[in-house]
Amino acid sequence: MALLALEKVSKRFPGVRALNEVSLQVEAGEIHALLGENGAGKSTLMKILCGIHQPDSGEILIDGTPQHFSSYRRACAAGVGIVFQEFSLIPGLSVVDNIFLGREPRNRLGLIRHGVMLKQANALFERLDIDIDPQIHVHHLSVADQQFVEIAKALSLNARVLVLDEPTAPLTPTEVERLFTIMRQLREQGVAMVFISHHMEEIFEICDRVTVLRDGEYVTTLEVADTDAGALVELMVGRRVDNIFPDHHSHADSDDIVLEARIRMAGRKHTDYIQLARGEILGFAGLVGSGRTEMALAMIGAQPVTERQMQLEGHKVTLKSPADALKRGIGLLPENRKQQGLILPFTCADNITLNHLKHFQTRPPFISRRREREAVEALMDRVRVKAPGSDTVVGTLSGGNQQKVVIARWLERGCRVLIFDEPTRGIDVGAKSEIYALMKTLTAQGISIVMISSELPEITGLCDRVLVFNHGHVVAALSGDEIEAGTIMTHATRQISLDNPTGSTDESVATLERAS
Amino acid sequence: MSTPTSDANPQPRRQRRSRASRLLHSPVFFPLVGFIAVFIVMALANDNFLLPNNLTNVARQGAIIAIIAVGMSFAIFTGGIDLSVGPVMALSGTIMAGLMAAGWPPTVAVIMGLLLGMVFGAFNGACVAFARMPPIIVTLATMGIARGLGLIYTGGYPISGLPAGFSFFGRGEVVGIQVPILIMLLVYLVAYVVLHHTSFGRYVYAIGGNEEATRLTGIRVPRYKLLVYTISGLTAAIAGLVITSRLMSGQPNAGTGFELDAIAAVVLGGAAIAGGRGAILGTLVGAMLLAILNNGLNLMGVSPYLQDVAKGTIILLAIYIGRGRNA
Amino acid sequence: MSTPTSDANPQPRRQRRSRASRLLHSPVFFPLVGFIAVFIVMALANDNFLLPNNLTNVARQGAIIAIIAVGMSFAIFTGGIDLSVGPVMALSGTIMAGLMAAGWPPTVAVIMGLLLGMVFGAFNGACVAFARMPPIIVTLATMGIARGLGLIYTGGYPISGLPAGFSFFGRGEVVGIQVPILIMLLVYLVAYVVLHHTSFGRYVYAIGGNEEATRLTGIRVPRYKLLVYTISGLTAAIAGLVITSRLMSGQPNAGTGFELDAIAAVVLGGAAIAGGRGAILGTLVGAMLLAILNNGLNLMGVSPYLQDVAKGTIILLAIYIGRGRNA
Amino acid sequence: AETGDKADDELVIGMSFQELNNVYFVTMQRALQEAVNEMGASLVFTDARHDIAKQINDVEDMLQRGVDILLLNPTDSVGIQSAVMSAHDAGVPVVAVDAQAEGPIDGFVGSKNFDAGYKACHYMGEQLGGEGKVAILDGIPVIPILERVEGCQKALGEFESIEVVDKQNGHQERSTAMNVTENMLQAHPDLAGIFSVNDVGSLGALVAIQSSGMDVKLASVDGNPEAVKVLAQPNSPLIAIAAQHPATMVVQALELAVKKYRGEESPSEVPIDVTLVTADNAKEFTW
Ligand SMILES: Nc1ncnc2c1ncn2[C@@H]1O[C@H](COP(=O)(O)OP(=O)(O)OP(=O)(O)O)[C@@H](O)[C@H]1O
Ligand SMILES: Nc1ncnc2c1ncn2[C@@H]1O[C@H](COP(=O)(O)OP(=O)(O)OP(=O)(O)O)[C@@H](O)[C@H]1O
Ligand SMILES: [Mg+2]
Ligand SMILES: [Mg+2]
């Protein structure tokens with residue numbers, strides 16, 4: 001008998017049938033992959049399992065006993081834990097407070113035993129090989145560190161059933177490996193795990209069986225050993241996706257330098273130099289926390305820096321705010337869609353047109369609603385947002401679809417330079433290939449793209465040149481055949497002296513400097 | 001995207017909301033229900049309530065708060081608040097009165113008063129937008145400052161002896177409609193157009209919905225915040241114009257507690273106090289709801305102390321009916 | 001992070017904070033700087049300011065707002081607000097006075113008064129937590145209700161003729177410390193322990209930081225919100241006890257505008273008005289800052305109208321210095 | 001209090017007002033300033049804004065500052081007691097002005113508020129021919145105001161055919177008073193008279209009455225120059241004001257307090273009569 005069984009679970013939201021009689025069985029000591037396009041209903045199914053949503057019909061069985069989880073608290077009590085797709089940490093509380101929130105160890109007077117809590121947290125971190133100060137406030141942590149705190153929090157429940165909803169999205173390969181090590185340990189201990197990811201290779205590496213959902217319907221369950229990526233994608237998307245990367249035809253015109261930036265981040269000793277050619281896709285690679293996002297924010301003036309000299313098409317420009325950047329045609333798609341990207345109470349349409357409302361001002365300053373709607377619907381088709389309508393409130397979309405809405409915002413803005421920070425985070429394979437194709441289309445139009453990504457295949461498959469970040473500095477500039485996973489990782493993890501971050505091997509950067 | 005399957009994809013997005021569903025989901029729906037409910041109760045409880053004369057009374061009495069509540073709506077929609085509206089209203093009004101009493105022509109005096117309100121609002125806005133201070137404390141401080149300035153200017157005396165023509169704004173009539181009501185309607189019309197048909201309006205809601213995202217998208221958030229508080233100062237000054245003309249005297253201590261009434265109007269109108277959601281017509285409904293409450297309870301001859309209790313209870317009930325939308 | 005090179009990786013992020021950095025990042029740091037700055041100015045401007053007698057005065061004068069601000073802090077830390085504190089204070093105080101005047105023993109009367117405050121607070125809490133209504137409008141409504149009830153209860157007249165022993169709470173001394181100050185310190189001590197050493201305290205900040213996430217973690221958010229507003233009612237009632245004893249009469253219209261002073265104290269104390277961040281000791285500093293402002297300006301003999309302006313300006317400056325932390 | 005020995009021009013006089021947003025109290029403050037200037041002494045004053053807790057703090061601060069004489073215009077007679085005691089303990093003579101104060105005060109100078117209400121309403125009753133509906137425009141619930149209402153009710157009770165049909169609160173603020181009056185007029189289209197507890201309220205009520213076009217008589221208390229001017233106009237709805245004398249009041253209070261300070265013999269209570277101002281004597285009346 002399976003440790004966990006979901007039987008014919010159905011769930012409707014206003015205007016959407018999220019799940020229709022979906023079933024799932026997970027054995028003790030099994031890692032079960034849940035696969036499906038954005039909006040297929042994976043997160044919804046898991047939230048039902050955890051008592052966060054109530055099913056319209058269907059049953060949850062643990063050890064064959066039907067369960068009724070009216071809240072997450074109940075589910076926890078029955079041994080179910082979850083790492084949410086969207087962060088659930090409290091930014092203003094410390095790491096240790098977050099981990100034990102709701103389950104603080106207390107003494108006889110009812111006071112929190114801070115010491116005990118800290119000791120337990122340290123022990124947990126040691127076991128998981130996580131190196132984070134448990135007393136630091138969560139809002140000081142990078143996205144990846146936050147994710148590890150989430151994981152530690154779920155594990156501290158000692159759950160028998162553990163759900164991991166896209167836990168690897170904000171992690172780099174090394175960190176994914178660490179997570180897998182932890183998951184393997186848990187498998188040994190007989191924990192039943194549900195693992196959601198849009199990364200095929202991860203599924204083949206760690207999972208035992210896989211269940212595929214499509215449009216809220218159960219498709220099939222397979223042994224991972226008996227299938228391959230192509231087949232899974234076809235089951236998931238309903239068509240073959242042969243090569244997710246477009247043909248490697250570069251639109252870069254390396255003689256036509258669009259953007260040059262010399263930036264020295266606050267508190268850093270060196271100035272980094274970045275150069276971007278017309279039609280180029282420039283990758284920012286590096287470990288989590290290596291400073292790519294910071295650099296991106298600095299490039300659009302969203303963050304104070306010690307030094308910032310920018311030249312756009314040969315002219316010196318001063319960027320004091322993202323608005324200045326936008327005026328010059330530089331746009332940023334931020335990495336954290338909920339906090340930095342979306343206006344959650346807005347509809348899809350209002351989110352998408354926010355930064356180019358001028359396009360719809362037939363008679364300024366008035367906006368033509370009709371033209372706005374037409375444009376939005378075309379854009380939503382282009383990135384394939386799955387939503388009941390363009391007037392659907394964006395907060396109710398699935399994570400991946402929200403990401404697509406943020407992307408759509410930049411397609412018609414008419415920028416010369418677009419900085420995409422982790423653009424495909426949480427996006428399904430089918431949509432990913434479309435986004436890659438879109439990026440190529442943009443570069444063909446002469447737009448230059450900076451792509452920050454923690455997915456090496458994405459970097460190697462798409463970029464014309466790659467800058468590798470390490471400890472907040474550019475430590476290598478790669479192009480052509482140098483763009484290869486091993487080389488990138490070598491530079492990204494190389495131990496460097498903080499006084500001389502560019503190091504001895506970094507001739508390419510020096511060359512670039514001379515060339516300018 | 002012209003994927004092979006896109007044609008076979010019967011995307012439900014094409015469906016538009018039905019008219020009924022739109023009404024039900026409009027932010028003005030629940031405030032309106034509350035308003036109508038209270039209206040009916042008041043009409044049943046008072047023979048005099050429905051007299052045209054009284055309804056004009058109600059609209060005119062509510063106009064002051066309603067006008068102030070427009071600026072308050074802008075502030076609240078961006079996730080801010082403006083507590084200084086009452087004293088700014090009083091200050092602008094007394095300055096107008098003072099200038100006229102000193103012999104300035106009414107038009108010039110009125111323009112100076114309105115400008116003063118805008119300057120004061122812009123100062124609030126600069127503190128909020130550029131110095132990044134929390135609106136509640138900025139406007140709490142400027143509330144005291146405006147009150148003090150008004151009292152210093154007048155020495156505590158109301159200013160009277162205003163030219164007769166000035167009474168037009170508070171007591172005049174145009175095509176049978178009283179001027180205060182007309183001014184109110186005009187202010188709402190402009191606000192509606194700005195909020196729903198200009199990009200600035202969209203930014204107001206966007207800032208309230210997610211300021212950081214709005215900023216990163218390339219919108220000049222500080223500039224628009226400055227504008228929002230300037231508007232709030234302006235509407236307070238317009239209210240000051242109406243009240244000064246109506247009383248034909250500049251009252252340095254008018255408007256005490258008006259900030260709370262204006263906030264109540266906005267929230268009763270269905271706005272989220274955290275920003276990002278709300279409708280200006282809802283605010284109008286909210287302000288009129290407060291006005292019929294005051295008027296109706298007065299008409300019924302409810303004892304003043306009991307009126308406080310009754311008013312509070314009815315506000316609670318009204319919000320309770322429309323709750324969930326405001327939580 | 002244990003990348004292959006992590007051992008040799010001196011990432012600054014991993015470093016534990018030094019003691020100095022912790023102090024600098026403590027939410028009490030900037031309020032304290034502001035307080036000390038104003039303190040020094042006042043001491044230089046007035047010969048009498050530093051007299052022990054005057055410092056006791058200041059602490060006692062500030063005690064009422066400081067006590068109320070404790071409950072306000074709880075509300076603001078959860079992302080809410082409590083505008084009803086002033087009238088609840090007055091109502092609780094008059095009930096105590098009324099019962100004593102009717103011959104009830106002081107202890108029983110005091111307990112009844114405190115209970116009443118808690119019941120009122122719990123009602124606010126129930127509206128906010130279970131009926132999911134926005135705190136600002138709920139407490140705005142109950143503010144009117146409490147005021148009305150107090151006036152109805154007393155008919156508008158203050159209640160006097162209280163037993164002499166009751167003056168202990170407002171005028172007594174214990175080990176050389178005046179009782180109002182002692183009560184204030186006690187309330188802060190308890191609040192500090194609750195906020196920093198109990199699970200409930202964690203939940204208060206968690207709810208303010210991210211209510212949805214807190215709920216998802218399995219914490220019974222409504223229950224704790226109820227508790228928060230009950231505490232606010234209780235501290236308002238304690239302030240009512242002190243003020244009634246100090247005045248030796250129940251004043252139904254005391255506490256007008258106190259909600260704004262209490263909010264100012266909390267925000268001056270470094271709390272984020274959106275919730276999730278703040279320190280109770282900061283609130284104490286904020287309340288005392290307001291008290292020295294009032295006292296110092298009075299000592300300097302600044303004219304009352306100018307005091308409004310001066311106070312507002314100093315508050316703005318204080319917040320400006322500590323800004324960014326509060327934005 | 002012990003007797004003091006400072007010369008007139010060394011004295012520091014303190015006065016705590018219940019409010020200073022009202023011409024009545026501002027007049028008082030200016031008269032006091034003049035009197036103090038004449039003595040060559042110096043004056044400090046504070047504004048309690050009807051907040052008794054603030055008033056006590058204000059008094060404590062003034063004592064700290066070292067005032068020699070304290071004039072108190074309490075916003076609440078009982079609640080002010082601890083301030084009176086502080087002053088007493090500090091050896092500072094205290095004289096209550098306009099409203100009584102509990103505790104060891106050295107004197108009281110104030111109007112007869114009950115009389116004020118009585119006189120105004122009695123005159124209005126007569127002018128109404130002893131019949132008709134009357135409404136009361138109430139104010140902040142403090143004792144002098146409550147006494148005026150009581151006095152008015154007593155006077156009106158003496159007319160058998162006069163009925164008090166409504167009592168609403170205008171908060172002694174002009175625009176609120178105006179709105180409330182509009183509503184009272186609406187509720188009682190046959191209203192014959194209104195008594196307002198003070199002139200700030202009556203000036204607001206006046207706007208409402210005039211724009212309604214109704215024939216309603218208005219009586220009030222205070223003697224605010226603006227109101228008196230209206231009263232003097234022909235056919236004014238405002239027919240009577242029971243006028244107080246703020247300047248006289250405060251100057252007498254100061255004299256009394258200085259005498260106490262010097263340890264001279266002096267009365268401990270000086271009631272000031274109110275003057276009924278009507279169309280007949282309005283031209284001559286000033287504060
Ligand atoms: N609270 C909600 N209200 C309305 N619709 C919702 C809600 N939550 C989810 N949905 C809808 O249910 C469908 C399934 O969403 P779900 O989040 O389960 O997708 P998913 O498979 O997890 O997608 P992704 O890979 O993008 O995370 C989507 O169409 C989504 O818009
Ligand atoms: N020393 C540090 N102390 C505190 N926070 C830090 C530190 N270094 C980095 N961070 C946080 O972590 C983030 C990591 O930096 P950044 O986001 O620029 O790196 P990244 O390479 O883009 O990695 P990620 O994949 O996490 O986005 C920073 O934005 C910052 O908020
Ligand atoms: Mg999902
Ligand atoms: Mg990043």
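Throughout, a chain's letter reflects where its sequence line sits, starting with A, and its residues are numbered from 1. When reading the values below, keep in mind they use all heavy atoms of this one structure, side chains included, and skip hydrogens, waters and symmetry mates. Quick caveat: nothing in here was measured; it's all calculated off a predicted structure.
Of residues 6-20 of chain D, those residues with a non-hydrogen atom less than 4.5 Å from any non-hydrogen atom of chain C are, in numerical order, D:Leu20.
Expressed to the nearest 0.5 Å, how far OG of C:Ser160 lies from CD of D:Glu102 amounts to 6.0 Å. Interatomic distance, OH of C:Tyr157 versus CG of D:Asp76, reported as 12.0 Å (0.5 Å rounding). Remark: C:Leu55 CG to D:Gln64 CD distance equals 8.5 Å, nearest 0.5 Å. Here the straight-line distance linking atom CE of D:Met85 with atom OG of C:Ser167 works out to 7.5 Å at 0.5 Å rounding. With values rounded to the nearest 0.5 angstrom, C:Leu299 atom CG is found 5.0 Å from D:Asp61 atom CG.
For C:Phe49, no part lies near chain D; criterion is any non-hydrogen pair under 4.5 Å. Neither the backbone nor the side chain of C:Ile159 comes within less than 4.5 Å of any heavy atom of chain D. Using a 4.5 Å cut-off between heavy atoms, D:Leu63 makes no contact with chain C at all. Using a 4.5 Å cut-off between heavy atoms, C:Arg246 touches chain D through backbone and side chain atoms alike.
Counting non-hydrogen atoms of other residues, nucleotides and ligands closer than 6.0 Å to CD of C:Glu173 gives a total above 12. Atom CE of C:Met112 sits in a sparse spot, with 12 or fewer heavy atoms from other residues, nucleotides or ligands closer than 6.0 Å.
If you tally non-hydrogen atom pairs under 4.5 Å between each of C:Asn294, C:Leu247, C:Thr154 and chain D, the highest count goes to C:Leu247. Of all the listed residues (C:Leu151, C:Asn53, C:Thr256), the one sharing the greatest number of non-hydrogen pairs under 4.5 Å with chain D is C:Asn53. The residue among C:Asn54, C:Asp47, C:Ile243 with the most heavy atom pairs within less than 4.5 Å of chain D is C:Asn54. With chain C as the partner, the residue from D:Thr75, D:Ile140, D:Ile52, D:Val44 showing the most heavy-atom pairs under 4.5 Å is D:Ile52.
In terms of heavy atoms, D:Leu146 sits closest to C:Gly156 at CD1-O, 3.8 Å.
Residues D:His50 and C:Asn253 form no side-chain contact, since every pair of their non-hydrogen atoms from C-beta on lies 4.5 Å or further apart. Side-chain contact between C:Asn298 and D:Asp58 is present, with heavy atoms from C-beta onward closer than 4.5 Å. For the pair C:Arg60/D:Glu60, a side-chain contact is recorded, criterion being any heavy-atom separation below 4.5 Å from C-beta on. Looking only at side-chain heavy atoms (C-beta outward), C:Met248 and D:Ser82 stay at 4.5 Å or farther from each other.
Remark: C:Asp308 engages D:Arg49 in a salt bridge, criterion side-chain N to carboxylate O under 4.0 Å.
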Let's go through D:Ile56 and C:Gln61 carefully: what are the C-alpha distance in whole Å and the side-chain angles of both, what is the deciding distance for side chain to side chain contact (heavy atoms under 4.5 Å, CB included) to 0.1 Å, and is it a yes or a no? CA-CA 9 Å; D:Ile56 288 182; C:Gln61 293 173 5; over 6 Å; no

